[in-house]
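See structure below.
Sequential numbering from 1 along the given sequence is applied to the chain's residues.
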Amino acid sequence: MSKALRARQDMEKERETLQAWKERVGQELDRVVAFWMEHSHDQEHGGFFTCLGRDGQLYDDLKYVWLQGRQVWMYCRLYRTFERFHRAQLLDAAKAGGEFLLRYARVAPPSKKCAFVLTRDGRPVKVQRTIFSECFYTMAMDELWRTTGEARYQTEAVEMMDQIVHWVREDASELGRPQLQGAPAVEPMAVPMMLLNLVEQLGEADEGLAGKYAELGDWCARRILQHVQRDGQAVLENVSEDGKELSGCLGRQQNPGHALEAGWFLLRHFIRKGDPELRAHVVDKLLLLPFHSGWDPDHGGLFYFQDADDFCPTQLEWAMKLWWPHSEAMIAFLMGYSDSGDPELLRLFYQVAEYTFCQFRDPEYGEWFGYLSREGKVALTIKGGPFKGCFHVPRCLAMCEEMLGALLSRPAPAPARRGAE
């Protein structure tokens with residue numbers, strides 16, 4: 001058999017594998033969305049229940065603002081981009097969730113500070129001194145505008161975005177977080193990551209907003225890359241505001257899943273900007289490096305936390321396997337492969353996806369378990385709570401289905417010429 005024929009057969013086999021994964025991912029997306037549509041809608045007050053047990057039973061009716069925003073965004077994105085999800089029930093639930101946020105999310109208007117937790121009927125319970133409730137509020141409003149065409153949603157998104165930027169880059173005093181004398185000036189990777197995601201969201205197919213936030217996007221990318229430390233040998237979760245390593249446990253903290261999520265945010269940014277050198281740098285430092293250091297060699301799966309100097313991490317859950325890092329790794333490796341064609345990235349996608357589907361997926365009741373032991377056994381049977389809602393799993397499955405479809409739509413290799421054998 002000639003090399004050309006063998007190569008063609010290998011490519012055909014690869015396409016069959018991609019097609020099988022596309023079907024597997026699409027079927028799982030349908031099951032996951034069905035779970036949330038059946039169990040999470042609050043028909044009385046609007047918005048969504050997220051504290052759901054294994055079978056979808058409600059165990060707490062508190063509403064977490066960032067999860068409300070995430071589910072509105074997810075429903076709108078599915079409605080807008082997938083023909084099979086172009087359903088009135090999905091859009092109506094998203095709009096009811098958006099209106100619930102507009103009425104109740106902000107604690108004390110005209111301040112734009114949002115609550116972290118609300119009662120079922122919208123009364124504030126808790127406020128966090130961070131920007132993340134506001135960030136997902138912004139995502140929800142922008143996606144509602146894209147889906148419905150109602151300008152008031154876009155106005156709300158842009159106004160909140162500008163407030164977030166003010167808090168991050170000019171004056172954070174309204175967040176209520178005092179700078180204490182003994183506390184280092186820390187930049188968590190989550191802040192520039194989240195802002196970069198918002199830049200991509202608001203600038204999508206909108207030249208005006210893309211131009212408005214272009215400098216901010218580049219600033220976020222530079223700030224994220226500052227977390228690649230120790231001559232490129234470690235991705236640290238926290239650095240000083242001027243991009244230096246911090247002392248102690250805080251400075252040595254690593255979160256492999258978060259680095260991988262930052263990696264695909266950056267990769268998407270640099271693909272759009274057409275920068276192949278930085279794309280290659282991101283793959284090397286924010287995809288491959290955290291994966292190889294964070295993958296458990298004994299039981300598989302990604303560790304939740306690590307210490308850069310191999311001390312025992314102080315987080316009690318450091319060795320657990322959580323749903324969202326694996327979702328982000330699937331997106332990251334498939335995006336990297338789609339851009340570069342590097343077969344090693346596709347191999348890693350298959351490795352992570354196989355582990356994830358085998359360990360997290362619940363074939364009986366649908367959706368995924370969120371929290372496993374190091375050995376991969378289910379530690380918490382809940383399907384949702386204060387941190388897990390209708391977001392990471394369906395976003396991963398939707399993005400992977402789209403990327404797999406795009407890969408399969410590329411021209412197949414030409415048949416080998418007769419006589420070439």
TODO: Starting at OG of S340, measure out to CG of L345 and round the result to the nearest 0.5 Å.
DONE: 4.5 Å

Open item on the list: With rounding to the nearest 0.5 angstrom, report the CE to CE distance, M330 to M335.
Closed with: 12.5 Å

Applying side chain to side chain donor-acceptor pair (under 3.5 Å), name anything that partners [X], two or more places apart in sequence or on another chain.
| X | result |
| --- | --- |
| T119 | D121 |
| Q57 | none |
| Y137 | E156 |
| K113 | E134 |

Looking at [Y], is [X] sitting on its ring face, NZ or CZ under 6.0 Å from the six-membered ring centre and within 45 degrees of the normal?
| X | Y | value |
| --- | --- | --- |
| K383 | Y365 | no |
| R31 | F35 | no |
| R70 | W73 | no |

Task: Of all pairs that satisfy salt bridge (charged side-chain N to carboxylate O under 4.0 Å, His left out), the ones with a partner from residues 183-198, not counting sequence neighbours - done: E187-R223

[X]-[Y] side chain donor-acceptor pair, cut-off 3.5 Å:
| X | Y | result |
| --- | --- | --- |
| R268 | N197 | yes |
| Q253 | Q306 | no |
| E23 | Q27 | no |
| W264 | E328 | yes |
| E237 | H227 | no |
| Q226 | R222 | no |

How about [atom1] on [X], more than 12 heavy atoms from neighbouring residues, nucleotides or ligands closer than 6.0 Å, or not?
| X | atom1 | result |
| --- | --- | --- |
| Q179 | CD | yes |
| R123 | CZ | no |
| E207 | CD | no |

Task: Heavy-atom pair of closest approach, residues G232 and L289 - done: O-CD2, 3.4 Å

Task: Shortest non-hydrogen contact between L250 and P184, atoms and distance - done: CD2-CG, 4.4 Å

Open item on the list: Could you work out, with side chain to side chain contact (heavy atoms under 4.5 Å, CB included) as the rule, every residue matching L202, not counting sequence neighbours?
Closed with: T138, D142, V158, M161, L209, Y213

Open item on the list: Suppose we screen for side chain to side chain contact (heavy atoms under 4.5 Å, CB included). Which residues come up paired with D231, at least two apart in sequence or across chains?
Closed with: none

Kindly indicate whether the side chain of [X], heavy atoms from C-beta on, has any atom under 4.5 Å from the side chain of [Y].
| X | Y | answer |
| --- | --- | --- |
| M193 | I224 | yes |
| Q163 | E174 | yes |
| C114 | V107 | no |

Task: Evaluation steps, side-chain contact (heavy atoms from CB on, under 4.5 Å), between H39 and D55 - done: CA-CA 9 Å; H39 300 296; D55 60 357; over 6 Å; no

TODO: Determine, for E317 against R374, whether the closest basic-nitrogen to carboxylate-oxygen distance falls under 4.0 angstrom.
DONE: no

TODO: Could you tell me whether E261 and R395 have a side-chain N and a carboxylate O separated by less than 4.0 Å?
DONE: yes

Open item on the list: Tell me if the centroids of the rings in Y104 and F100 come within less than 6.0 Å of each other.
Closed with: yes

TODO: Name all pairs fulfilling the ring-ring contact (aromatic ring centres under 6.0 Å, His included) condition that reach into residues 43-63, sequence neighbours left out, sorted by first residue then second.
DONE: H41-F48, F48-Y75

Can you list everything that forms a ring pair (Phe, Tyr, Trp, His ring centres under 6.0 Å) with [X]? Sequence neighbours excluded, please.
| X | value |
| --- | --- |
| F303 | W318 |
| Y371 | W323 |
| F116 | Y64, W66 |
| H326 | Y355, F360 |

